[in-house]
Amino acid sequence: MNEQLSFYMKNADYTQIDRAQLTPMMQHYIEVKEQYPNALLLYRVGDFFECFFQDAVTVAQELELVLTSKESGKEIGRVPMTGVPHHALDRYTALLVEKGFAIAVCDQVEDASVAAAQKRMVERKITKLLTPGTLTEEGMLHARRNNFLTSIVIAGNHWGLAYTDISTGEFYTTQSQNLESLALELLRLHPAEILLPTNAPDLGSMLRPGEKSDSIPDFLPENFCYTLRSQTQFSAGEARNQLLEYFRVRSLEGMGCSNLPLGVRAAGGLLFYIEETQKAHQVPLQTLRTYTLNDYLILDPQTRRNLEIIQTVRDGTYHGSLLWALDRTCTAMGGRALRRWLLQPLLEIKGITARQDTIAELIQETNLRDELRQLLRQIYDLERLSGRAGAGTANARDLKGLAISLVRLQELATLAQKGNSPFLRALQSVPSDLEALGKKILDAIVESPPQHLGEGGLIRSGMDEQLDQMRETFEKDKQWLAHLETSERERTGISKLKVGYNKTFGYYLSIPRSKADLAPENYTRKQTLTNEERYITSELKERETRILTAKDDLNRLEYEIFADLRAEVGEKAQQIRDISRAVAAIDALAGLAELAVYNDYCRPEMVEGRCLSIKEGRHPVVEQTLPTGFFVPNSTNMGYEEERDTPDLIILTGPNASGKSCYLRQVGLIQLMAQIGSFVPAQAAKLGISDRVFTRVGAVDDLATGQSTFMVEMNETANILNHATSHSLILLDEIGRGTATFDGLSIAWAVAEYLATEIKARTIFATHYHELNELASILPNVANYQVTVKEMEQEIIFLHQVQPGGADRSYGIEAGRLAGLPPSVISRAQQVMGQIEKHSKIALGLRKGIIKEMKDNESLIDQLDIFET
Ligand SMILES: Nc1ncnc2c1ncn2[C@@H]1O[C@H](COP(=O)(O)OP(=O)(O)OP(=O)(O)O)[C@@H](O)[C@H]1O
């Protein structure tokens with residue numbers, strides 16, 4: 001910062017400045033800023049939106065803009081300033097909101113020239129308040145991702161949560177206990193903003209992701225944007241009234257939340273916030289729905305990350321994730337639905353079967369699928385467009401896109417009538433008034449409407465009698481004026497007669513002074529110049545007044561007609577959104593059908609119980625990244641039952657890079673896909689419902705939280721052992737590697753033993769500790785599998801085949817050689833390994849309690865003497 005600027009920085013804090021000394025504009029700026037102390041204030045000055053004082057410093061820093069200064073009063077001097085051009089406002093505010101700031105936009109609300117003529121300051125008002133969770137503008141939202149605003153109410157160990165995406169209108173609430181599950185639910189929703197009621201002094205402030213505050217309890221995840229709100233709006237009475245008023249109902253029973261007091265408080269408090277931030281725009285939310293955490297398969301954040309469901313672990317990109325591999329949707333609504341499904345797999349076979357039936361039908365009926373998808377491509381984002389119509393923020397292009405889609409809906413319904421599966425049936429009837437409304441809008445709005453409203457050119461001719469008449473008169477007047485010179489020359493015989501215009505008295509007729517005596521009677525002299533006389537006529541004045549006001553009147557009328565149409569759509573927003581949900585679902589399912597056809601997926605048989613049987617399964621993502629036919633399929637059979645020889649716990653060994661991790665994830669992903677109702681990459685599959693999928697994969701230092709690799713690993717393992725049930729699926733990729741070999745092996749052994757004997761969850765445990773293979777010879781529900789390689793003289797060939805039996809070595813030293821470790825290091829390593837193998841003997845056994853249990857089991861008794869410690 002240059003010296004001069006640092007001098008102005010003393011004025012960055014406006015509270016330290018004598019306000020009376022400031023210019024009137026600066027005084028107004030501070031007045032507005034004080035109403036929105038926690039938002040960055042962008043204030044329109046001419047063609048720019050400007051920031052002053054500390055906000056200028058922050059904005060310049062965050063957006064890498066030049067920080068300058070502005071003269072703000074004789075006694076004060078210059079204060080820090082930065083600004084953005086008014087036409088680029090959306091781009092810059094989007095960047096700031098993404099960084100977790102709230103923005104207040106103070107715009108000029110009258111023509112600056114009017115104010116200038118009256119020698120006063122132009123009127124300005126807050127026209128927008130943008131916060132990360134309350135965005136509705138297209139450019140600021142991710143088309144294929146929801147933007148959730150969440151609010152929470154905590155009472156002891158109980159909590160209530162409400163969330164909405166105000167751009168699509170979905171609105172949900174739930175209530176539960178156990179604060180850990182609250183954190184998990186927040187991590188699943190990944191809200192753009194969380195409202196937290198508090199009495200703390202920093203009330204009203206917004207904490208950006210990672211920012212610390214005493215008001216945020218420790219158990220809440222740190223990496224979100226929290227807005228601290230007043231407790232009052234979350235009190236039972238206030239919140240309930242707000243809900244009743246918003247939905248114009250007398251009781252909350254119809255919404256199913258009369259027994260969810262905390263959920264109601266969260267939902268009501270959330271509505272207050274929307275009202276406050278959206279100002280004039282009434283946001284049309286859908287009816288409040290309730291849900292419970294038990295409705296869905298629980299995926300903790302580690303599992304979502306490790307299975308790379310919506311983004312990859314390596315670089316956090318969508319490309320390479322499960323969603324990337326599965327998403328063949330044609331609309332943004334379908335894309336968002338598929339994403340939601342993947343984060344909320346189902347637990348009920350009924351719901352899964354309904355989706356499967358629809359996919360099956362769409363696989364079978366190729367033409368129907370193709371036609372459907374073709375039509376879906378022509379449907380715009382109805383959920384968001386109808387929201388903008390309802391809020392009165394949709395422009396003519398939005399409305400046009402919406403109208404095209406409404407007309408297509410009817411075609412979609414006709415097409416859906418060819419099918420019989422549940423989700424097609426749901427689309428078979430679209431209220432006919434929606435199509436009529438679509439047609440009406442298409443008839444009314446011109447082919448390519450302008451971006452801005454208020455400048456005319458929106459409405460076609462023949463739509464509105466008054467508009468047509470005004471346009472006709474306007475055209476006639478213009479033509480009359482255009483011909484006036486010729487017609488008056490003819491009438492008067494004065495060849496030098498002219499029509500002119502000046503600011504003082506508008507249009508006039510001018511005649512050379514020498515011909516002034518020829519001026520007709522209806523001419524009224526207005527001005528005499530050296531060489532000419534200027535006249536007006538009453539007709540000229542009449543037409544002039546009409547011409548000058550007609551353009552404004554026309555624009556105003558066009559806008560009114562448009563706004564009426566928009567309001568008509570707004571009234572039907574709820575109806576449109578109900579159908580949009582069905583469209584989104586059919587889009588997601590048609591995409592999954594397409595995927596199943598082209599990738600040769602099968603319909604998994606979903607059953608009660610713990611069976612997990614996959615014939616020739618494949619990893620859905622890795623398969624797509626390899627050339628066709630390169631992926632080696634592998635089968636899996638798990639879920640111990642006496643009559644079936646299938647294990648609960650598989651100890652999976654094999655050399656480095658042989659495909660253990662890939663196999664492990666493949667099983668998890670197939671289970672997950674099956675529970676969203678999708679077909680799966682396998683020849684056949686029979687799967688019991690899993691209540692949770694747990695993963696412990698790889699070792700990544702969590703530097704952000706200052707935890708070591710080993711501590712992260714142990715925390716994750718503890719989480720699994722404390723929460724898994726016999727209906728969970730657990731995927732463990734190495735445990736105990738981050739510590740000394742014997743410590744690690746001991747922990748791995750104890751964990752595996754606990755899982756197999758106490759929890760009896762279906763588990764695949766990939767490990768380089770071959771000693772764990774011994775467990776299989778003691779416990780009936782444990783089996784050894786290995787990923788095979790072919791050993792050649794100079795190299796190892798990876799077969800990627802999973803077969804029964806344990807691997808006896810890891811080929812770690814060979815891997816080191818392949819990676820280019822110096823030959824002397826390799827040969828020394830071989831020597832050391834020989835010595836270790838010769839001298840080490842690890843004695844392992846089972847826990848005392850288990851031995852007793854097993855003593856009752858005749859078949860195992862023979863083996864006890866080898867392992868008893
Ligand atoms: N079934 C398969 N068919 C074809 N290629 C495969 C298969 N399984 C794995 N691969 C390929 O092998 C690579 C290594 O696999 P993976 O990471 O699963 O090995 P790993 O046994 O877990 O290794 P490490 O023990 O070093 O962690 C993968 O990137 C993948 O490209």
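Computed from a prediction, not measured in an experiment: that's the story for all the values here.
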In terms of heavy-atom contacts, does CD of Glu98 have more than 12 from other residues, nucleotides or ligands at under 6.0 Å? no
Before you tell me yes or no, could you show the steps for Arg19 and Glu34 under salt bridge (Lys or Arg N to Asp or Glu O under 4.0 Å), namely the whole-Å CA-CA distance, both residues' side-chain angles and the distance that decides it to 0.1 Å? CA-CA 13 Å; Arg19 282 194 212 173; Glu34 285 188 331; 2.5 Å; yes
Gln118 atom CD, neighbour heavy-atom count above 12 within 6.0 Å: yes
Any salt bridge linking Arg44 with Glu50? Criterion: basic side-chain nitrogen under 4.0 Å from a carboxylate oxygen. no
Leu343 and Arg304: side chain to side chain contact (heavy atoms under 4.5 Å, CB included), yes or no, with the steps? CA-CA 8 Å; Leu343 295 175; Arg304 268 199 303 275; 3.1 Å; yes
Check this for me: Tyr380, atom OH, are more than 12 non-hydrogen atoms of other residues, nucleotides or ligands nearer than 6.0 Å? no
Any side-chain heavy atom of Phe53 sitting closer than 4.5 Å to one from Ile17? yes
Determine whether more than 12 heavy atoms belonging to other residues, nucleotides or ligands lie under 6.0 Å from atom CZ of Arg314. no
Glu383 (side chain) donor-acceptor with Gly169 (main chain) under 3.5 angstrom: no
Do side-chain atoms of Ser151 reach the backbone of Ala266 as a donor and acceptor pair under 3.5 angstrom? yes
If you apply the rule salt bridge (Lys or Arg N to Asp or Glu O under 4.0 Å), what do you find for Glu62 with Lys99, and how did you get there? CA-CA 8 Å; Glu62 294 293 336; Lys99 285 167 180 269; 3.4 Å; yes
Hey, is the main chain of Thr127 close enough, under 3.5 Å, to the side chain of Asp107 for a donor-acceptor pair? no
Paired with Pro191, the side-chain contact (heavy atoms from CB on, under 4.5 Å) test is passed by just one of Thr150, Leu161, Ile152, Thr164, namely Thr150
The reported gap from CE in Met333 to OG in Ser580 (rounded to nearest 0.5 angstrom) is 5.0 Å
If we count only N and O atoms by modelled type, under 3.5 Å, do the side chains of Thr227 and Glu193 hold a donor and an acceptor together? yes
Counting distance only, does the side-chain N/O of Arg566 pair as donor-acceptor with the main-chain N or O of Ala394 below 3.5 Å? yes
Hey, are the side chains of Phe48 and Val84 touching, using non-hydrogen atoms and a 4.5 Å cut-off? no
May I ask you to check whether Thr393 and Arg388 show a side-chain donor-acceptor distance below 3.5 Å? no
With the side chain counted from C-beta on, respond yes when Leu196 and Ile216 share a heavy-atom pair under 4.5 Å apart, and no when they do not. yes
Indicate yes or no: at least one non-hydrogen side-chain atom of Gln344 is less than 4.5 angstrom from one of Arg188. yes
Atom CG of Asp218: over 12 foreign heavy atoms under 6.0 Å: no
Of all heavy-atom pairs linking Val264 and Ala239, the shortest is O-CB, 3.7 Å
With no hydrogens and no angle check, is any side-chain donor or acceptor of Thr232 less than 3.5 Å from a backbone partner on Ser230? no
Smallest separation among heavy atoms of Ile310 and Arg339, with atom names: CD1-NH2, 3.6 Å
Is the shortest side-chain N to carboxylate O distance from Asp165 to Arg336 below 4.0 Å? no
Please round to the nearest 0.5 Å and tell me the distance separating atom NZ of Lys74 and atom OG1 of Thr23. 12.5 Å
Any donor-acceptor pair under 3.5 Å from Thr277 side chain to Leu129 backbone: no
Between Tyr43 and Phe52, what is the ring plane arrangement, given parallel below 30°, perpendicular above 60°, and tilted in between? perpendicular
Considering only heavy atoms from C-beta outward, does the side chain of Tyr172 approach that of Leu189 to under 4.5 Å? no
So do Val109 and Arg124 actually touch side chain to side chain, heavy atoms under 4.5 Å? no
Between the side chain of Arg397 and the main-chain N/O of Pro449, is any donor-acceptor distance below 3.5 Å? yes
Thr58 (side chain) donor-acceptor with Gln54 (main chain) under 3.5 angstrom: yes
What are the two closest non-hydrogen atoms of Lys33 and Leu40, and how far apart are they? NZ-CA, 4.3 Å
Evaluate the side chain to side chain contact (heavy atoms under 4.5 Å, CB included) criterion for residues Asp398 and Leu402: first the C-alpha distance (whole Å), next the side-chain angles of each, then the deciding distance (0.1 Å), finally the verdict. CA-CA 6 Å; Asp398 288 340; Leu402 195 133; over 6 Å; no
Looking only at non-hydrogen atoms, find the nearest pair between Gln574 and Leu285 and report the distance. OE1-O, 3.8 Å
Thr134 side chain to Thr131 side chain, donor-acceptor N/O pair below 3.5 angstrom: yes
Has Gln21 got a side-chain atom pairing as donor or acceptor with Gly73's backbone, closer than 3.5 angstrom? no
Could you label the plane-to-plane angle of the Phe562 and Tyr559 rings as parallel, tilted or perpendicular, counting under 30° as parallel and over 60° as perpendicular? tilted
Salt bridge check: are Arg340 and Glu170 linked by an N-O gap of less than 4.0 Å? yes
Looking at every heavy atom in both Gln278 and Val283, which two are closest together, and how far apart are they? CG-CG2, 3.4 Å
Is there a side-chain contact between Cys106 and Tyr36 in this structure, where contact means two heavy atoms from C-beta onward sitting under 4.5 Å apart? no
Under 4.0 Å between a side-chain nitrogen and a carboxylate oxygen: does that hold for Lys212 and Glu222? yes
Main chain of Gly77, side chain of Asn11: is a donor-acceptor contact present, judged purely on distance under 3.5 Å? no
What distance separates Leu195 CG from Tyr273 OH, expressed to the nearest 0.5 Å? 6.0 Å
Do other residues, nucleotides or ligands put more than 12 heavy atoms under 6.0 Å from the NE2 atom of His190? no
Write down the atom of Phe49, the atom of Leu42, and the distance for their closest heavy-atom approach. CD2-O, 3.8 Å
If I take atom OG from residue Ser235 and atom CZ from residue Arg240, how far apart are they, to the nearest 0.5 angstrom? 12.0 Å
Are any of the side-chain nitrogens in Glu123 or Lys125 under 4.0 Å away from the carboxylate oxygens of its partner? yes
CZ/Phe171 to OH/Tyr246 distance, rounded to the nearest 0.5 angstrom? 8.0 Å
Asp90 with Lys128: basic N within carboxylate O range, under 4.0 Å: yes
Any side-chain heavy atom of Gln233 sitting closer than 4.5 Å to one from Gln242? no
